[in-house]
Amino acid sequence: MDQEKKRAILLHEIEHWRRSRLLPEQYCDFLSNLYREDGDPPQSQNRNNTGLLTYLRHGHGFVWLLGFVIISFICLIGFYFTAFPLPMQIFSACVITAICYGLAAIWRSSEKSMSAMLSTLGSAIMLGSGVWIIQLHQGEAKIWFLVLVGLCGLLWCLVGITLRISLLHYCGLVGLILVYAVLMGGYWPTATLMMLEVFWILHTVLLVGLSWWVHRRFPRLALVYFAIGMTLAFMAEADMIILRHQAAGNMVFYCILKLAIVVGILFWTRKKWITWVTS
């Protein structure tokens with residue numbers, strides 16, 4: 001009996017370590033499986049068998065009814081969206097997006113794949129409905145698209161950090177960088193390719209340095225910042241071709257040469273940056 005109590009206390013402590021993230025999740029699984037009884041399923045299997053899919057498999061009517069109501073609600077709003085006044089259109093898009101993000105937050109711990117799918121759906125609805133509203137009301141497209149991308153980028157960053165979805169966080173930063181690049185193009189229209197190279201390479205160094213600085217306490221942020229830094233390494237060419245509408249010319253060859261240099265640097269320094277990105 002004493003051994004049973006000790007085992008229960010240890011399992012409780014391990015679960016506390018997992019939730020508070022004091023220890024890596026894989027190590028907590030190892031400890032849980034070490035102290036479990038032979039007849040108990042592994043800890044990872046217990047967690048994988050919980051959540052929304054379990055409810056659907058067992059035929060819980062409430063979950064099916066909730067899914068029917070949500071899908072019907074989205075379809076009804078989609079059918080009558082053009083008949084709504086502008087405030088109602090904005091409110092409807094915000095409500096659907098909030099529902100998707102809220103459900104993603106609720107199921108984040110039990111159903112990570114479903115949570116990721118709902119967050120992606122919410123992000124797509126937010127961006128798509130915003131573009132739809134701008135087209136319906138024929139506003140100043142460039143200005144309002146810039147505002148929309150900025151708002152989406154900011155919200156995606158916040159949701160990505162909160163729900164620990166690195167890809168969504170990355171997409172949010174890309175959106176904010178796009179807005180930043182467009183504004184810089186308006187204030188600095190005469191910039192040459194060499195000027196833009198120096199400008200964006202400095203940003204690359206800043207983001208990679210920030211990735212190294214936060215990798216011990218916030219490893220997920222380190223991965224995102226490093227990926228953004230590598231993206232900014234090619235931002236000068238994208239700025240010239242896409243935003244400033246310059247002819248590509250020899251820029252494609254220049255991009256390939258630059259890619260080879262970046263890959264070479266990453267190869268020779270792989271033992272350093274892989275350590276902090278994957279820590």
Exercise. Supply the atom-to-atom distance Asp239 CG to Leu232 CG, rounded to the nearest 0.5 angstrom.
Key: 11.0 Å

Quiz item: Hey, is CZ on Arg270 packed in by over 12 heavy atoms from elsewhere, all under 6.0 Å?
Solution: yes

Quiz item: What's the shortest heavy-atom distance between Pro219 and Arg216, and which atoms?
Solution: CD-O, 4.5 Å

Quiz item: Roughly how far, to the nearest 0.5 Å, is the CG atom of Leu127 from the CZ atom of Phe145?
Solution: 9.0 Å

Practice problem: Hey, could you give me the OG1/CD distance between Thr82 and Gln135, rounded to the nearest 0.5 Å? | Solution: 13.0 Å

Self-check item: From Thr204 atom OG1 to Met235 atom CE, the distance as rounded to the nearest 0.5 Å
Solution: 10.5 Å

Exercise. Decide if atom CH2 of Trp188 counts as having more than 12 heavy atoms of other residues, nucleotides or ligands within a radius under 6.0 Å.
Key: yes

Quiz item: Is it the case that one hydrophobic cluster holds both Phe234 and Ile241, taking links as side-chain heavy atoms less than 4.5 Å apart, direct or via other members?
Solution: yes

Practice problem: Determine, using the 4.5 Å side-chain heavy-atom cutoff (strictly less than), whether Val262 and Leu206 are members of one ILVMFWY cluster. | Solution: no

Self-check item: Closest non-hydrogen atom pair, Gly186 against Pro189
Solution: O-CD, 3.8 Å

Quiz item: If you count the non-hydrogen atoms of other residues, nucleotides and ligands that lie under 6.0 Å from CH2 in Trp132, is the total more than 12?
Solution: yes

Quiz item: What residue pairs, at least two apart or across chains, pass salt bridge (Lys or Arg N to Asp or Glu O under 4.0 Å) with a residue in residues 184-203?
Solution: Glu197-Lys258

Self-check item: Donor-acceptor contact below 3.5 Å, side chain Ser119 vs main chain Ala104
Solution: no

Practice problem: With rounding to the nearest 0.5 Å, note down the distance linking CD in Gln89 to CD1 in Ile77. | Solution: 11.0 Å

Quiz prompt | Minimum-distance pair of heavy atoms, taken over all atoms of Met195 and Ala191 | solution = SD-CA, 4.0 Å

Quiz prompt | Exam field: side chain Ser211 to backbone Leu207, donor-acceptor pair closer than 3.5 Å | solution = no

Self-check item: Linked, directly or transitively: Trp200 and Ile265 (ILVMFWY side chains, under 4.5 Å)
Solution: no

Exercise. Would you name the heavy atoms of Tyr101 and Leu163 that are closest together and state the gap between them?
Key: O-CD1, 4.4 Å

Would you tabulate the side-chain donor-acceptor contacts of residues 170-184 under 3.5 Å, counting partners in other chains and residues two or more places apart, or write 'none'?
residue: Tyr170; atom: OH; partner: Thr231; partner atom: OG1; Å: 2.7
residue: Tyr180; atom: OH; partner: His203; partner atom: NE2; Å: 3.2

Quiz item: Does the side chain of Tyr225 come within less than 4.5 Å of Val208's, by heavy atoms?
Solution: no

Quiz prompt | Shortest non-hydrogen contact between Thr190 and Arg244, atoms and distance | solution = N-NH1, 4.5 Å

Self-check item: Approximate separation, where rounding is to 0.5 Å, of Ile99 CD1 and Cys94 SG
Solution: 11.5 Å

Self-check item: Phe81 with Leu86, same ILVMFWY side-chain cluster at under 4.5 Å
Solution: yes

Practice problem: Might you point out which heavy atoms bring Ile125 and Cys100 nearest each other, and give the distance in Å? | Solution: CD1-SG, 4.3 Å

Quiz prompt | Check: Ala105 main-chain N/O paired with Arg108 side-chain donor or acceptor under 3.5 Å | solution = no

Quiz item: Would Phe218 end up clustered with Leu223 when hydrophobic side chains under 4.5 Å apart are linked, directly or stepwise?
Solution: yes

